[in-house]
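Whatever order the structure lists them in is the order used to number ligands and atoms, beginning at 1. Being a predicted model, the structure only gives us computed values, none of them experimental.
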Amino acid sequence: MGLRNCLECGKLCMENPSKLCPECYAEEERHEYTISEYLRKTGKATIEEIHRDTGVKEKIIMRMLRSGRLFSDGLIGYPCEMCRQPIYEGRLCSDCSSGLAKKIQRSNEDRELERHAEYQRTGLRMYTKDEPKK
Ligand SMILES: [Zn+2]
Ligand SMILES: [Zn+2]
């Protein structure tokens, strides 16, 4: 067991899986309780709403969410990795993931168009070459 700095307050403490000193760990447990009480009332909420209504820092909510110690899936909205709008599952909102799908589809279409344009260019070049000399 080594020493490490608490992730939250930076104080040196005994190394432990939570990466927090005992005080911050206790604090986080209080937050966890507050938030689960809050969610029991609201059902679903975004991190922003939780922060607004419970006063728990968004950073802390995110950390609890990532560490998986908090809440069952689908209750807390967290920002989409691309556009930051709140989502409840996955890493991207449906807009961004369908946008991605569209982008992939578009690049296939682009390739098709390019091939077509290339064909026309070649055709044109041939045509120019075959043009009668003046
Ligand atoms: Zn601490
Ligand atoms: Zn998005």
Side-chain angles (χ1 to χ4, degrees):
M1 280 292 250
L3 287 170
R4 60 167 299 129
N5 293 95
C6 166
L7 206 63
E8 189 56 33
C9 69
K11 213 166 66 181
L12 263 186
C13 58
M14 292 300 283
E15 201 167 8
N16 69 77
S18 75
K19 299 181 176 66
L20 297 170
C21 70
E23 290 96 89
C24 292
Y25 187 78
E27 183 76 12
E28 195 155 291
E29 282 196 317
R30 268 198 298 280
H31 290 326
E32 190 179 337
Y33 179 76
T34 312
I35 294 170
S36 40
E37 282 300 296
Y38 173 73
L39 281 175
R40 203 177 320 214
K41 269 181 279 168
T42 59
K44 271 186 175 186
T46 63
I47 287 183
E48 231 178 290
E49 288 164 345
I50 297 172
H51 168 68
R52 196 186 56 212
D53 295 340
T54 65
V56 180
K57 278 188 261 175
E58 294 186 25
K59 192 181 98 183
I60 294 178
I61 306 170
M62 272 309 271
R63 193 177 59 228
M64 285 197 259
L65 202 58
R66 281 215 195 89
S67 70
R69 62 180 278 224
L70 199 56
F71 333 117
S72 45
D73 287 331
L75 282 184
I76 297 190
Y78 46 92
C80 160
E81 287 187 5
M82 285 180 80
C83 69
R84 317 299 292 166
Q85 74 164 298
I87 50 174
Y88 290 88
E89 56 181 3
R91 296 168 63 186
L92 298 174
C93 69
S94 54
D95 287 354
C96 288
S97 42
S98 69
L100 271 186
K102 249 178 244 151
K103 221 178 271 173
I104 291 164
Q105 202 187 334
R106 181 132 13 99
S107 76
N108 282 341
E109 277 169 18
D110 279 353
R111 224 166 294 148
E112 201 60 43
L113 274 176
E114 243 164 64
R115 210 175 302 148
H116 193 66
E118 181 62 33
Y119 175 76
Q120 279 189 327
R121 260 201 303 277
T122 336
L124 201 65
R125 223 178 287 140
M126 275 165 62
Y127 177 75
T128 322
K129 202 164 62 183
D130 288 344
E131 228 178 357
K133 282 168 192 152
K134 280 173 191 162

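Glu109 meets the salt bridge (Lys or Arg N to Asp or Glu O under 4.0 Å) test with no other residue; sequence neighbours excluded.
Ionic pairing of Glu27 and Arg30 is present here: one or more N-O contacts between side-chain nitrogen and carboxylate oxygen are shorter than 4.0 angstrom.
The distance from the CG atom of Leu39 to the CD atom of Glu49 is 10.0 Å, given to the nearest 0.5 Å.
With the Zn ion (ligand 1) as the vertex, SG of Cys24 and SG of Cys21 span 100° to the nearest 10°. Cys80 contributes SG and Cys93 contributes SG; the angle these two atoms make at the Zn ion (ligand 2) is 120°, rounded to 10°.
At least one N/O/S atom of Cys6, whether from backbone or side chain, sits less than 2.8 Å from the Zn ion (ligand 1).
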- Full working for salt bridge (Lys or Arg N to Asp or Glu O under 4.0 Å) between Glu114 and Arg111: CA-CA 5 Å; Glu114 243 164 64; Arg111 224 166 294 148; over 6 Å; no
